Amino acid sequence: MVPGHHNLTYHLVVILIAALAAFIPRYFPMHFFTNRKIPEWFDEWMKYVPVALFTSLVVKGIFVDSKYQLISERVSWLGNILVYGHATYIISAIFVMLVAYFTRSMAFSVIIGLLAVWLLSFI
């Protein structure tokens, strides 16, 4: 089947395959673990996975560029010092960590982080 600009059958097949590709990885683990008892050690270990994944994404965004090289920039508003990473993002991340620690609110932390990045971009 050759993709055409207005080939309805092709588009329906692509949508069906995409739906299956999205459904299968979600359905089978749920189906497999529904009737099985998950070991306590595994359940305890899995509690750390979202935090670890989120941390790795944030750290990569702050310190590593798209070519997987360490970012270093000179920041004149901090006394012309060399900072490893995006200084604005580092300061914003510190604000987010403090707000998240004291409020335990994900929504408020995200709003503070966005505002901090926006305000620091003007400096």
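As the structure is a prediction and not an experimental result, all values here were calculated from the model.
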- Message: Contact between Phe63 and His86 at the side-chain level, heavy atoms closer than 4.5 Å - yes or no?
- Response: no
- Item | Beyond-backbone contact of Lys60 with Leu57, side-chain heavy atoms, under 4.5 angstrom | no
- Mind checking whether Ile62 and Tyr89 have side chains closer than 4.5 Å, heavy atoms only? yes
- Out of curiosity, Asp43 CG to Lys37 NZ, how far, rounded to the nearest 0.5 Å? 7.5 Å
- Query: Among the clusters formed by ILVMFWY side chains lying less than 4.5 Å apart, do Tyr10 and Leu12 turn up in the same one?
  - Reply: no
- Identify whether NZ of Lys or CZ of Arg in Arg104 sits under 6.0 Å from the centre of the six-membered ring of Phe102 and within 45° of that ring's axis. no
- Message: Once rounded to the nearest 0.5 Å, what's the spacing between atom CG of Leu114 and atom OG of Ser109?
- Response: 11.0 Å
- Message: With a 4.5 Å cut-off on side-chain heavy-atom distances among I, L, V, M, F, W and Y, is there a chain of contacts connecting Tyr48 to Phe42?
- Response: no
- Beyond-backbone contact of Ile71 with Tyr84, side-chain heavy atoms, under 4.5 angstrom: no
- Item | Heavy-atom pair of closest approach, residues Ser72 and Leu82 | CB-CD1, 3.9 Å
- Query: Hey, are the side chains of Ile90 and Val83 touching, using non-hydrogen atoms and a 4.5 Å cut-off?
  - Reply: yes
- Find the distance between CG (Leu115) and CG (Leu120) and round it off to the nearest 0.5 Å. 10.5 Å
- Query: Going hydrophobic residue to hydrophobic residue with side-chain gaps under 4.5 angstrom, can you get from Val58 over to Ile111?
  - Reply: no
- Would you say Phe54 and Ile94 are hydrophobically clustered, going by side-chain heavy atoms of ILVMFWY under 4.5 Å? yes
- Is there a path of hydrophobic side-chain contacts, each under 4.5 Å between heavy atoms of I, L, V, M, F, W or Y residues, that connects Leu98 with Ile91? yes
- Where do Gly113 and Val96 come nearest, in terms of heavy atoms and distance? CA-CG2, 3.3 Å
- Could you tell me which residues satisfy salt bridge (Lys or Arg N to Asp or Glu O under 4.0 Å) with Glu44, sequence neighbours excluded, listed by chain and number? Lys47
- Task: With Arg36 as the cation and Phe32 as the aromatic partner, state whether NZ or CZ is under 6.0 Å from the six-membered ring centre and within 45° of the axis.
- Result: yes
